[in-house]
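Just so you know, these numbers use all the heavy atoms, side chains as well, and skip hydrogens, waters and symmetry mates.
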Amino acid sequence: MSTDGETVPLGTVPPAVLRPGFQSWLALVHSYGSVAKTLDRRLMRDLGMSLAWFEVLVLLHTAPGGRRRLLELSRLLVVSKASVSKLIDRMERAGLVRRETSDEDRRAVFAAVTEDGRAALEEALPVQVANVEDCFSGLLDDRDHADLVRILGKVTAHYAGGDDGVPSTPSTVLLGAAARQAEAARAAGDGTPAEAAETAAETGTAAGRGGRSARTRPGTRQPA
């Protein structure tokens with residue numbers, strides 16, 4: 001192997017790999033892989049739902065009309081269109097989503113969340129929130145979280161936008177949806193954006209407490 005014009009002997013570490021930029025990237029990739037694998041395993045164990053299914057349900061639930069184009073989902077999930085199509089196939093067979101077309105453009109295919117899909121998300125959300133706290137956020141303090149959001153925000157900002165104005169990350173979509181909700185509440189005279197967000201959070205927590213107990217949903221024990 002050669003790097004920076006020099007040959008690196010076998011059994012030695014290339015100097016380029018020791019650079020801070022490369023090390024921070026490795027730390028990000030390995031930490032995400034460990035957390036994602038654990039979250040996926042726990043969701044499958046408790047609800048028979050993969051992490052990919054959960055992410056799709058969140059993205060559909062937060063979309064206007066409860067649906068998104070398959071092309072948009074592929075960009076948000078950072079997977080190929082073929083992979084998204086297979087994923088939606090499995091979720092459709094489980095009754096969690098359905099395919100729809102547009103009257104304006106028959107070539108555009110959408111995935112829409114069903115009532116069973118909404119119920120599955122309602123059941124999974126408090127489980128996933130607790131898992132994320134246990135596997136990730138509970139390991140860091142408030143300053144760590146603020147630094148992480150700031151640092152990774154520099155990276156996501158570079159990729160935000162894309163073709164057709166589609167944001168490139170789920171976080172961009174969810175934060176944008178939350179901002180629109182808060183603004184709508186303020187315009188309706190329901191309080192400030194902060195109060196609206198706090199009310200929404202309390203409502204979601206209450207729904208999580210009052211939801212059904214975790215159980216395996218028929219037909220949902222499918223890998224991503």
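Summarising the geometry of Gly66 relative to Arg118, their closest heavy-atom pair is CA-NH2, 4.1 Å, with the distance given to 0.1 Å. Between Ala120 and Leu57, the shortest heavy-atom distance links the atoms CB-CD1, 4.3 Å. For the pair Ala16 and Phe22, the tightest heavy-atom approach, listed with the atom from each and the gap, is O-CB, 3.6 Å. Shortest non-hydrogen contact noted between Ala112 and Leu60 is C-CD1, 4.1 Å.
No chain of hydrophobic side-chain contacts below 4.5 Å, direct or via other Ile, Leu, Val, Met, Phe, Trp or Tyr residues, connects Leu77 to Tyr32. Cluster annotation: Val149 is not connected to Val132 through the hydrophobic network of ILVMFWY side chains, with a link wherever side-chain heavy atoms come within less than 4.5 Å. Cluster annotation: Val17 is connected to Val29 through the hydrophobic network of ILVMFWY side chains, with a link wherever side-chain heavy atoms come within less than 4.5 Å.
Within 6.0 Å of atom CG in Asp141, more than 12 heavy atoms from other residues, nucleotides or ligands are found, so the atom counts as buried in its surroundings. Counted within 6.0 Å of CZ on Arg143, heavy atoms from surrounding residues, nucleotides or ligands total 12 or fewer; the atom is thus considered open.
One finds a salt bridge joining Arg150 and Asp147 here, because a Lys/Arg side-chain nitrogen approaches an Asp/Glu carboxylate oxygen to under 4.0 Å. Note on Glu100 versus Arg98: salt bridge recorded, some NZ/NE/NH1/NH2 to OD/OE distance being below 4.0 Å. Between Arg75 and Glu72 no salt bridge is recorded (no basic side-chain N to carboxylate O distance below 4.0 Å).
The backbone N or O of Lys37 lies less than 3.5 Å from no partner atom in the side chain of Asp40, so there is not a single donor-acceptor pair. A donor-acceptor pair under 3.5 Å links the side-chain atoms of His145 to the main chain of Ser137, judged by distance alone. Using a distance-only test at 3.5 Å, with no hydrogens or angles considered, no donor-acceptor pair links the side chain of Ser74 to the main chain of Val84. Judged purely by atom type and a 3.5 angstrom limit, Arg68 uses its side chain to pair as donor or acceptor with the backbone of Leu59. Between the side chain of Ser85 and the backbone N or O of Lys81, no donor-acceptor pair lies under 3.5 Å.
One side chain, Ser83 or Ser80, offers a donor N or O that lies under 3.5 Å from an acceptor on the other. Using modelled atom types and a 3.5 Å distance limit, the side chains of Ser50 and Arg90 yield no donor-acceptor pair.
At a threshold of 4.5 Å between non-hydrogen side-chain atoms, the residues Arg99 and Asp89 count as touching. Contact check for Leu47 versus Glu123: side-chain heavy atoms found under the 4.5 Å cut-off. Leu87 places none of its side-chain heavy atoms less than 4.5 Å from the side chain of Leu73. Counting heavy atoms from C-beta on, the side chains of Phe136 and Leu39 never come closer than 4.5 Å. Counting only heavy atoms from C-beta outward, the side chains of Cys135 and Arg42 approach each other to under 4.5 Å. At a threshold of 4.5 Å between non-hydrogen side-chain atoms, the residues Val56 and Met91 count as touching.
Between the CG atom of Leu26 and the CG atom of Leu28 there is a distance of 9.5 Å, given to the nearest 0.5 Å. Annotation: the span from Thr101 atom OG1 to Phe110 atom CZ amounts to 8.5 Å, rounded to 0.5 Å. Note that the CG atom of Leu51 and the CZ atom of Arg41 stand 12.0 Å from one another [nearest 0.5 Å].
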